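Note that the numbering runs from 1 along the sequence shown for the chain. Note that the structure is predicted; figures quoted are calculated from it, not measured.
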Amino acid sequence: MYGMGASESILGEFTKGRDDVLLSTKFTPQLGGPVEDRLNSSLNRLSADQTDIYWIHNPLDVKRWTPGLIPLMKSGKVKYAGVSNHNLEEIKLAQSILAEEGLKISAVQNHYSLLYRSSEEAGIIDYCNENNIVFFSYMVLEQGALTDKYNAKSPLPSGTRRGEAFNEDVLAKLEGLIHVMKEIGNKHNANSAQVAIAWAIAKGTVPIIGVTRTSQIADAVRADEITLTAREIHDLETAAKETGIVIKGDWEKPMH
């Protein structure tokens with residue numbers, strides 16, 4: 001779970017403390033280095049002396065920035081290395097750089113949802129499974145579009161990036177998929193958001209859920225209890241494909 005609004009009071013209702021939380025922060029290559037200085041700034045803000053996962057957030061010059069993880073991992077400041085928004089070739093390159101020092105990539109974080117399965121199609125999820133790498137999927141709810149909250153008559157907020165991406169025309173095309181999600185949800189006593197999250201879990205990924213309210217944590221907990229059948233997964237993916245909608249962020253490049 002991730003979110004600027006995920007306060008200690010909210011987490012406290014669902015966790016036992018720091019040892020029950022996976023702490024991660026990121027290095028964004030576009031902002032420059034040194035990598036350790038960026039990490040120290042994050043740790044100061046988080047009042048922590050180490051992070052569980054440190055992400056290289058974008059694949060800008062993999063050969064330049066990946067080596068910066070090595071001394072941080074060896075010193076114990078970084079427990080696990082992760083890469084975000086990397087394609088398969090870039091993941092393998094980062095993996096080879098760390099392997100020279102006896103280290104490895106432990107996590108990959110990419111956009112992945114019923115409407116954007118590029119990481120699956122490119123073989124990234126298979127590679128992660130074969131190499132004991134956890135694949136974290138973000139935007140599994142597509143900024144709320146894959147929930148019961150919005151539709152063509154009740155669109156997302158206008159004048160926002162998500163409102164533009166999921167305008168009334170797009171939401172109208174999603175109605176068939178949302179209908180299938182509701183039908184499957186009814187069988188499992190779940191809502192559409194929980195079905196979308198359960199699908200991502202069934203595909204072998206760990207969803208990252210933006211959290212600002214306790215109900216959103218409850219959605220994630222409930223989704224983890226749902227076991228979708230092979231038929232239900234097939235029906236969801238077929239309905240998603242039939243929408244003809246593929247949502248890719250302007251920061252994302254093809255995974256193939």
Side-chain angles (χ1 to χ4, degrees), residues 1-3 58 84-88 108-126 128 135-158 160-188 190-211 216 219-220 222-224 226 228-256:
M1 291 170 285
Y2 172 84
N58 283 303
S84 180
N85 300 317
H86 286 51
N87 63 29
L88 184 56
V108 168
Q109 178 189 159
N110 282 350
H111 176 190
Y112 181 68
S113 75
L114 279 162
L115 299 179
Y116 191 71
R117 295 168 59 193
S118 184
S119 286
E120 178 184 353
E121 294 159 356
I124 293 174
I125 294 179
D126 284 343
C128 288
F135 184 96
F136 288 86
S137 48
Y138 71 84
M139 288 180 65
V140 294
L141 299 179
E142 291 295 358
Q143 304 178 81
L146 295 181
T147 69
D148 298 331
K149 188 174 181 180
Y150 303 103
N151 54 57
K153 294 181 179 179
S154 181
L156 283 87
S158 60
T160 64
R161 186 170 67 179
R162 64 180 184 146
E164 293 175 359
F166 295 96
N167 56 43
E168 293 180 23
D169 290 339
V170 172
L171 290 173
K173 293 177 181 178
L174 293 179
E175 288 179 358
L177 170 60
I178 297 299
H179 177 72
V180 172
M181 294 171 71
K182 286 182 178 180
E183 285 190 329
I184 292 174
N186 288 337
K187 296 177 183 178
H188 294 275
N191 60 37
S192 295
Q194 293 163 354
V195 169
I197 298 168
W199 171 84
I201 294 172
K203 300 293 286 189
T205 79
V206 178
I208 298 176
I209 310 301
V211 171
Q216 293 165 331
D219 277 341
R222 176 69 188 99
D224 192 42
I226 298 170
L228 297 174
T229 67
R231 180 66 188 183
E232 288 169 339
I233 292 172
H234 173 270
D235 289 348
L236 286 168
E237 293 175 356
T238 298
K241 186 175 182 179
E242 288 175 350
T243 67
I245 301 297
V246 177
I247 297 296
K248 183 171 74 71
D250 55 14
W251 69 90
E252 295 180 281
K253 63 180 183 179
M255 292 289 106
H256 296 85

Original post:
When rounded to the nearest 0.5 angstrom, what distance separates CG in Leu236 from CD in Glu183?
Top reply: 10.5 Å
Subject >> Between NZ on residue Lys187 and CD1 on residue Ile226, distance to nearest 0.5 Å >> reply: 13.0 Å
Please report the shortest heavy-atom distance between [X] and [Y], naming the atom on each side.
X: Ala193; Y: Leu141; value: O-CD2, 3.6 Å
X: Phe166; Y: Gln143; value: CE1-NE2, 4.0 Å
X: Lys149; Y: Ser154; value: O-OG, 4.0 Å
X: Ile247; Y: Tyr116; value: O-CD1, 3.3 Å
X: Ala223; Y: Ala198; value: O-CB, 3.7 Å

**OP:** Give every residue pair that meets the salt bridge (charged side-chain N to carboxylate O under 4.0 Å, His left out) criterion with at least one member in residues 135-145, sequence neighbours excluded.
**Re:** none
**OP:** Please list, chain by chain and in numerical order, all residues satisfying side-chain contact (heavy atoms from CB on, under 4.5 Å) with Ile124, sequence neighbours excluded.
**Re:** Leu88, Ile91, Val108, Asn110, Ser119, Ala122, Cys128, Phe135, Met255
**OP:** Report the residues that fulfil side-chain contact (heavy atoms from CB on, under 4.5 Å) with Ala165, sequence neighbours left out, ordered by chain and then residue number.
**Re:** none
**OP:** Could you tell me which residues satisfy side chain to side chain donor-acceptor pair (under 3.5 Å) with Glu175, sequence neighbours excluded, listed by chain and number?
**Re:** none
Subject >> All pairs passing ring-ring contact (aromatic ring centres under 6.0 Å, His included) where residues 136-157 contributes a residue, at least two apart >> reply: Trp55-Phe136, His111-Tyr138
**OP:** Run the numbers on Val246 and Leu115 for side-chain contact (heavy atoms from CB on, under 4.5 Å), then give the verdict.
**Re:** CA-CA 5 Å; Val246 177; Leu115 299 179; over 6 Å; no
Subject >> Side-chain touch Leu146/Leu177, heavy atoms, less than 4.5 angstrom >> reply: yes
**OP:** State, yes or no, whether a side-chain contact exists between Thr229 and Glu232 at a heavy-atom distance under 4.5 Å.
**Re:** yes
**OP:** Apply side-chain contact (heavy atoms from CB on, under 4.5 Å) to Thr243 and Leu114, showing your working.
**Re:** CA-CA 11 Å; Thr243 67; Leu114 279 162; over 6 Å; no
Subject >> Verdict with supporting geometry, Asp169 and Lys173, salt bridge (charged side-chain N to carboxylate O under 4.0 Å, His left out) >> reply: CA-CA 7 Å; Asp169 290 339; Lys173 293 177 181 178; over 6 Å; no
**OP:** Please step through side-chain contact (heavy atoms from CB on, under 4.5 Å) for the pair Leu228 and His188, ending with a clear verdict.
**Re:** CA-CA 9 Å; Leu228 297 174; His188 294 275; 4.0 Å; yes
Original post:
Any donor-acceptor pair under 3.5 Å linking the side chain of His86 with the backbone of Ser84?
Top reply: yes
Original post:
Under the criterion side chain to side chain contact (heavy atoms under 4.5 Å, CB included), which of Ile184, Ile178, Val180 is the partner of Lys182?
Top reply: Ile178
Original post:
What residue pairs, at least two apart or across chains, pass side-chain hydrogen bond (donor to acceptor under 3.5 Å, both in side chains) with a residue in residues 191-209?
Top reply: Glu120-Lys203, Ser137-Thr205, Asp148-Ser192, Asn191-Asp219, Gln194-Asp219, Trp199-Glu237, Lys203-Glu237
